[in-house]
Amino acid sequence: MTGALIEASRTGAKGKPLLEAVDWNRRLWGTLAGDCMSEANTLSKELRAQIVSLSIWVGKYSSDVMHKNAPLDPLIDVNRNVMQGLQQAA
């Protein structure tokens, strides 16, 4: 997902390629949020709430990318920061 965003940014993607990369990322964050809303999720409530908040931000910012030509860098940065945090936790 992050790779698709990076590629779209690098190539200056427009139209369908841009929309597909952004939508894929948005849907993944939506899936993460859905999982975090489940009481069966064993992450702390605080961490789950933070992931849900990030998902909401990703959804809103994704709309800005698709409709207002906002840059992809903030989405890429969020994904990278989360991946780095997960690697450190492992």
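Hydrogens, waters and symmetry mates are skipped; everything else that's a heavy atom, side chains included, is used. Quantities reported herein were computed from a predicted structural model and do not represent experimental measurements.
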Nearest heavy-atom neighbours spanning [X] and [Y]:
X: Ala4; Y: Ala21; value: O-CB, 3.8 Å
X: Val58; Y: Trp29; value: CG1-CD1, 3.8 Å
X: Lys14; Y: Pro17; value: O-CD, 3.1 Å

Expected list for residues 65-73: side-chain donor-acceptor pairs under 3.5 angstrom, two or more places apart:
none

For [X], which residues count as a side chain to side chain contact (heavy atoms under 4.5 Å, CB included) partner, sequence neighbours excluded?
X: Thr42; answer: none
X: Arg48; answer: Cys36, Glu39, Asn41, Leu43, Lys45
X: Ile6; answer: Thr2, Ile76, Arg80

Set of residues satisfying salt bridge (Lys or Arg N to Asp or Glu O under 4.0 Å) with respect to Lys60, sequence neighbours excluded: none
Qualifying residues under salt bridge (Lys or Arg N to Asp or Glu O under 4.0 Å), relative to Glu46, sequence neighbours excluded: none
Where at least one partner belongs to residues 35-64, residue pairs that pass ring pair (Phe, Tyr, Trp, His ring centres under 6.0 Å), sequence neighbours excluded: Trp57-Tyr61
Pairwise side chain to side chain donor-acceptor pair (under 3.5 Å) hits with a residue in residues 18-28, at least two apart: Asp23-Arg26, Asp23-Arg27, Asn25-Asn79
Ser53 side-chain N/O to Ala49 backbone N/O, donor-acceptor pair under 3.5 Å: yes
Nearest-0.5 Å distance that lies between atom OG in Ser62 and atom CG in Leu5: 8.0 Å
Within residues 1-11 or reaching into it, pairs that qualify as salt bridge (charged side-chain N to carboxylate O under 4.0 Å, His left out) - sequence neighbours excluded: Glu7-Arg10
Same cluster (ILVMFWY, side-chain, under 4.5 Å), Val78 and Met83: no
Other cluster members, Val52 - Ile/Leu/Val/Met/Phe/Trp/Tyr, side-chain contacts below 4.5 Å: Met37, Ile56
